[in-house]
Each structure stands twice: as C-alpha cells, then as structure tokens.
Amino acid sequence: MPPDTIEPGIRTLAELPGPKGIPLLGNALQLDPVRIHLILEEWVRQYGPALTIRLGPKQVFVSSDMNLLQTVLHERPDRYRRFSPIESVLSEMGANGVFSSEGDAWLPQRKIIMHALGANHFRAFFPSMQAITQRLLEQWLRAARHGETVDMCRDLTRYTVDTTTTLAFGVDPNTLEQAGGAIQDHMAHIFPMILSRVNAPFPWWRYFKLPRDRQFDHALREVQHYASGLITRARQRRAEHPGEAPQNLLEAMLAAGEETGSPMADDVIFANTFTVLMAGEDTTAFSLAWAMYCLCRHPHVQERMHDAALQAFGDAPLCPTFEDVRKLDYFDGVAHEAMRLKPIVPLMFFEPVKDVVLGGVALPAGMPLFFVLRPSMEDAQRYGQPEAFLPERWAAGHQHVQPHDAHGFLQFGAGPRVCPGRHLASVEQRLVLSMLARHFTMEFAGDPDLIKEESAFTMRPSSMPVRLKLR
Ligand code: HEM
C-alpha cells in the first residue's frame, strides 16, 4: 500500500509503538516459541492494544483488541485468511486439510466436516462416549485406591484421541488402556514444531535438519502411518457394505462425490484425517487439564460440582443419557471459566487478502496479523472480578457477576470458520468434569508453581500431576 494512497487520519504500521529489534532479525530472537504468548501479552501491557514487531524482513501487526479480531473472523474469506505460513507448513506435512486450506478448496471440506461433527450425531454416538468415560473412571478409581499420582495430560490426551477416533473414524483405539507409548506421544512432538515453523523468520528445515527436525520427521511418519491405517480400514468397511450410508466422517469423505463422480482426492482425505485427529486432541485435553488446575486451586468449586453432578444424575456413576448432558451446564461454565483464565488458544494468526484498514491502521495484503486473546478476557470492562474463578458467570441469565461480555471470549473462533468441533468438545468437557466431581476430590500432587504455560500451537501445561481421593 503506497504511503501516498493512505487517507488522512489513518495510521501506518510505522506509526505504531513496539519493542526494539535487531538488524535483519528484528524481534525474532526475543520470541521464544515456548513462551511466545507470554511475551506478546507482556508487550501488549507495555505498548497497548495495537503495536508492531518485526520477524526478519516481515513487519507484523499485533493486537489484543477483540473487536478487531471479530471483524477479521467474520470478514473471511473475502478480506482475511489464516496466516499463509500455516498453509505452507501444513502442506509440507501432508496435512493441508480444512483448518489450513483457503479459497475454493476449503468450502467442500468444511461442509463434510461440519455435517460429520454436527451435534445431531451425538445421540447415536453417546454410548461410545460413555464407554470411553467409564474407562477413564476405572483408571482413576484404581489410582485413587492405590494412592497413585495421576498424570492428567497423559490421561486426557488419551481420552480425547479415543473419543475423536471413535466418532470421526469409526475405530476405538483404546489408547487409554494401552500400557506403552501411544500415538499421542508422537503427536506431542508435532504441535510445537508447527508453531516454530509458522513463526520462523527463515525456513531452516528446508535447507538443513536439526536433531529436533529429525525427531519431528519421525513423529510425523508415525502419525501418517496411523492415519493411513484408519483410512485403509474405512475403505475395507465400505467395500464390505456397499451402498450403506456413511457411518462417520471418514466414510463420508470416502463417499463424497460417489454420486456426482467427482470424489474427494486421496491426499485431501488423508489431510483431513490428520487434521481432525490433531485438532480434536490437544485442544479439549488441555482445556480439561487447565480446568483441573483451576479446580485444585479452588476446592469449593469442586464441592459445587459434586452437588451439580448429584442433582443431574443422582446415583448413576456417569451422566446416564444423552438428554442429561443438557443438565450439565454448570460444568460447561467451569470449562469456559478455565479457558478464560488459561486460554488454550492464546494467539490467532491471520493476514489480509487485500489492502485493508483495520482499527484505523492501514494494512497491506499479506501483512501478518497476530491477535493476543487473554488480555481482553482479564479486562474488568468486559468481565467483573476478572481475576476470580467464577464458573457461574457463564450461567444463562446470570446477573451477579457483571459486566459479562461473551464477545470477548473467542476460544472457538467465530464467523464462517468457527470451530466445528466445539459441540464435541463441550460434551467431552461435561462428561469428564461431572464424572470427576461425582466420585473424587482432587489436589495437586506437587508444587503447582512448577506447572508452566507452554505454547505448542495450543497452550498446554508443562505437566499436571494430581492426586484423587474417593468421595
Ligand atoms: C476446547 C476445545 C477446542 C477449542 C478451544 C478449539 C478451538 C478452535 C479454534 C479457535 C479454531 C479456529 C476457528 C476460527 O478460525 O474461527 C478451530 C478450528 C477448528 N477446529 Fe477446533 N477447538 C476445539 C476442539 C475441537 C475438536 C474436538 C475438533 C474435532 C474433533 C476440532 C476441529 C476443528 C477444525 C476441523 C477446525 C478448522 C475449521 C475451519 O477452518 O473451517 N476442534 N478450533
């Protein structure tokens, strides 16, 4: 955008404040990928809600203004898209599915995935979710009886992979009861590298491999092999049951175009299997792990949850029917409140597809836009008593904690690309938290100050060891 075309009163990036960088690399070396969200939050505190940084040759617009983020989210795909390195990095991994694809490629994938993950499928799927939750309960009962520490990050990532794989791909891998390493151990190496590569000022991995790139390549091969196995099994099932309506997302992708004669390409099916496997794992698991963290800090909320569980499903060990899930709104509030204080999506990355003016700042097409989500969720103008953990603020019609501005909460995104897995995530959160509160009390099994926030595309706890006691 040439400066002489910018209207009076509109600012350019050069007029925004920001931290000083070094020649050539700019601020890149200051942005430790594991702490990137904390560093950007600190800069927002220091320089205000609109600032600029530089990553190598790229000038970046950084903002914590959720009204601007709402604009960006809703004005897709015409004016904005995801930050383009997300697409190139995921393409190199064979994972350019619905999350990262843009333009005409995105919509057909989105339609299939929205349908397959739609809330209308949950009724039929509910018994499977109950069985997986029962498995988790049995593990925790054993740990409580033997006084063993529970590694919540381990158990919850296994729970979410079992649930997502069963729902979306029609196979229950039962990683929860698997003794040794499971697919999750490989996936744990993939997320941090995606974040590092997306924000790298220089694509080093295309020229030389560091030990961590080799570890990443190995993890990627394992996950690719796993996804291929799922696809092979689904193909076999379809061949054995010709003409049957697709039973899950994978079968829906294989069946797409059977009538019109334009099937979904194999690489697109593969990319979306990979995408949904990844998107369904860390997000829900770490939102639950952070909820555990908040609950250990606020034992009185555990008591309220226990009462709410008894009220919703009485003597039953788990939420007994799909209809009863609706009675678990208090648990949804717990999950939301944990995500407000410990956002598993602390940053979102976009770019304009054409020259735009956003918040009075002229931004040329292709300019990286980084949004920092937590400051607005800790803002007293949006949330009363922002530092307090108050799940009841999310109850419908609740008036006691004011103000309450749900627009400031964008953990699932918004607009045409809002998270299609949010209903599944909400059912998982309700089932796990209500089961926990029905049977156990929980406390940290170690020094909570050692639990650190780590950016790894999602924001995960460095560890979450807890001790469960039977009620
Ligand atoms: C607490 C749990 C979760 C959180 C906080 C979360 C958050 C998000 C966010 C912020 C986005 C970007 C939305 C946007 O651009 O407007 C997204 C997209 C997506 N999520 Fe989730 N997610 C969660 C769980 C899940 C689950 C369980 C699945 C699937 C099993 C899933 C699948 C996806 C997919 C496929 C997309 C890409 C949608 C598109 O670009 O059209 N998510 N999610």
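Just so it is clear, the model here is predicted, and its values are computed rather than measured. Just so you know, residue 1 is the first one in the sequence shown, and it goes up from there.
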Discussion item. Checking Q429 against T284: is there a side-chain donor and acceptor pair closer than 3.5 Å?
Written reply: no
- Query: Charged N to carboxylate O under 4.0 angstrom, D213 versus R197?
  - Reply: yes
May I ask you to decide whether R430 forms a salt bridge with D329, counting only side-chain N to carboxylate O separations under 4.0 Å? yes
| request: Just say parallel, tilted or perpendicular for the rings of F409 and H336, cut-offs at 30° and 60°. | output: parallel
Salt bridge (charged side-chain N to carboxylate O under 4.0 Å, His left out) test vs E102 passes for just one of R110, R417, R76, namely R417
State, with a plain yes or no, whether a side-chain heavy atom of K209 is found less than 4.5 Å away from one of W204. no
Less than 4.0 Å between a side-chain N and a carboxylate O, is that true for E378 and R340?
no
Exercise for review: Indicate the ring-plane relationship of H300 and H298, choosing parallel, tilted or perpendicular according to the 30° and 60° boundaries.
Suggested key: perpendicular
#### Entry: Within 45° cone and under 6.0 Å: R393 NZ/CZ vs Y383 ring
no
Taking the ring centre of each residue, are F202 and Y207 less than 6.0 Å apart?
yes
Ring centre gap for F444 and Y293 strictly below 6.0 Å
yes
| Do the charged groups of R374 and E453 touch, with an N to O distance under 4.0 Å? | yes
Those residues at least two apart in sequence (or on a different chain) that pass side chain to side chain donor-acceptor pair (under 3.5 Å) with W43 are none
